[in-house]
Trainee: 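One structure, as structure tokens, below. Some questions next.
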2 protein chains.
Amino acid sequence: MTYCVGLKLNEGLVLLSDTRTNAGLDNVARFRKMFTWEEPGERAIAMVTAGNLAITQAVMNRLQEAIDTSDAEGTLLSAPTMHKVAQMVGDAMQQVQGKYHQTLEQRNENSAATIMVAGQVKGGQPRLFLVYAAGNYIEATEDTPYLQIGEHKYGKPILDRVVTQDTPLSDGIKAVLLSMDSTLRSNLSVGMPLDLTVLPAGQCQFSIRRRIEAEDSHFRALSDAWSQALRHAFSDMPD
Amino acid sequence: MTYCVGLKLNEGLVLLSDTRTNAGLDNVARFRKMFTWEEPGERAIAMVTAGNLAITQAVMNRLQEAIDTSDAEGTLLSAPTMHKVAQMVGDAMQQVQGKYHQTLEQRNENSAATIMVAGQVKGGQPRLFLVYAAGNYIEATEDTPYLQIGEHKYGKPILDRVVTQDTPLSDGIKAVLLSMDSTLRSNLSVGMPLDLTVLPAGQCQFSIRRRIEAEDSHFRALSDAWSQALRHAFSDMPD
């Protein structure tokens with residue numbers, strides 16, 4: 001499985017993904033699930049993926065090949081709005097599913113896949129979309145400033161408690177890391193390292209694009225501090 | 001859905017269940033999912049159920065009818081050990097599934113159901129079992145002193161962090177209530193009121209059998225204190 005989470009805050013966008021994939025329990029591997037495109041000041045787009053890896057890689061390859069081969073017409077780098085970007089991802093998903101859905105089903109294999117699309121194009125707002133396997137998509141709004149894909153349940157309670165659209169970017173980063181930490185502790189199919197991307201509103205340029213390794217001292221300190229804080233909070237609860 | 005959690009601690013057993021059932025999103029109701037049998041000093045048995053309500057009610061009815069109609073031979077109240085009790089529940093599950101599994105499947109309906117069985121029979125130890133839809137079962141051991149059925153993911157991180165077999169009963173009660181609280185906040189298919197049962201080791205008599213209503217002031221105080229403690233802990237995290 002996978003766990004990816006995205007925040008759309010007033011101050012900007014935060015995306016975090018793990019890197020574990022598994023085909024059954026005995027075939028575990030590490031694959032990047034976060035992809036970014038940037039033209040500083042013009043546009044910055046980040047995507048994270050969950051589900052059938054062949055499907056999501058095929059979608060990413062289609063999007064990238066369009067950029068590499070065309071004269072930039074109708075690609076992520078020429079799309080006039082983030083909504084158009086989400087639509088392109090949905091269209092690519094539909095094409096890939098159209099090619100493989102039936103043969104996967106014949107083999108009783110799962111073609112389910114989801115892609116979160118975050119970014120800002122100059123002149124527009126920062127936006128966060130979730131593209132489904134059918135190619136349709138939803139967008140994060142002020143009522144629910146986060147979206148999740150993959151193993152989302154373990155990490156949801158902390159988000160429900162601390163994230164609103166007014167949450168500062170720095171707290172948003174902590175919140176997604178702690179949401180991931182809860183998931184890592186409770187579910188073996190989600191694993192380190194992590195990929196973190198932060199896009200401050202209005203800049204069309206990532207302020208953070210970072211891989212966080214298992215031995216990362218900051219992440220471990222945060223994780224340990226959180227465990228300790230939770231245990232303290234627990235022991236302070238009224239009987 | 002449902003969320004039920006059971007702890008097997010050195011000091012005894014704790015069981016907590018919600019009461020919400022739903023057939024689809026538009027047919028939500030309240031049903032007791034916790035059932036207890038007690039002969040003070042001799043035996044105390046509690047069960048919580050999840051899954052297809054007709055299936056789990058049929059299992060409970062079979063077990064209760066055996067008690068009401070037989071001369072107490074081969075019933076929960078005459079079983080010499082908790083292991084034998086778990087086996088009886090598994091046998092009743094197999095019979096009920098045998099009767100309905102196929103017709104449910106023909107209608108594309110789900111016969112999945114699980115039952116947690118906790119209790120102590122005089123002369124034996126407190127034990128906690130999870131009976132599956134196939135009638136087979138597992139038992140909680142010192143490595144994992146808790147079992148969960150239904151919507152288990154939201155409430156797992158807190159259990160993973162604070163519960164060991166050495167956890168005192170009073171802390172165990174807090175832990176299951178907070179685990180339930182996280183689930184209630186993040187998943188609409190789990191709902192108040194709650195049923196809580198506590199069985200201190202060696203007494204074969206429940207010390208607590210209590211329904212916790214939505215307006216219960218103790219539960220609300222605990223829930224609010226936990227939210228506040230989490231937010232404080234969060235704001236104290238290092239950047």
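FYI, side chains are in, hydrogens and waters are out, and symmetry mates aren't considered; it's all heavy atoms of this structure. Just so it is clear: chains get the letters A, B, ... in the order the sequence lines come, proteins before strands, and each one is counted from 1.
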Trainee: Examine whether an atom of A:D171 lies under 4.5 Å from a heavy atom of chain B, and if so say whether it belongs to the side chain, the backbone or both; otherwise answer neither.
Mentor: both
Trainee: Can you list the residues that meet the side-chain hydrogen bond (donor to acceptor under 3.5 Å, both in side chains) rule with B:R209, with sequence neighbours excluded?
Mentor: B:T36, B:E38
Trainee: For chain A, which residues from residues 215-235 of chain B lie under 4.5 Å away (heavy-atom distances)?
Mentor: B:L222, B:A225, B:W226, B:S227, B:A229, B:L230, B:R231, B:A233, B:F234, B:S235
Trainee: Starting at OG of A:S182, measure out to NZ of B:K156 and round the result to the nearest 0.5 Å.
Mentor: 11.0 Å
Trainee: Around atom CD of B:E213, are there more than 12 heavy atoms from other residues, nucleotides or ligands closer than 6.0 Å?
Mentor: yes
Trainee: Top residue by heavy-atom pair count (under 4.5 Å) with chain B, among A:L159, A:D160, A:I173?
Mentor: A:D160
Trainee: Which value, rounded to the nearest 0.5 Å, describes the distance between A:I158 atom CD1 and B:Y154 atom OH?
Mentor: 15.5 Å
Trainee: Taking CD in B:Q125 as the centre, count heavy atoms belonging to other residues, nucleotides or ligands within less than 6.0 Å. Is the count above 12?
Mentor: no
Trainee: Considering all heavy atoms of both residues, which atom of A:M237 and which atom of B:K174 are nearest to each other, and what is their separation?
Mentor: O-NZ, 3.2 Å
Trainee: Can you confirm whether more than 12 heavy atoms, excluding those of A:L188, are under 6.0 Å from its CG atom?
Mentor: no
Trainee: Between A:L178 and chain B, with a heavy-atom cut-off of 4.5 Å, which part of the residue counts as in contact: side chain, backbone, both or neither?
Mentor: side chain
Trainee: A:K153 vs B:H152, test: side chain to side chain contact (heavy atoms under 4.5 Å, CB included). Steps then yes/no.
Mentor: CA-CA 9 Å; A:K153 295 186 179 182; B:H152 64 282; over 6 Å; no
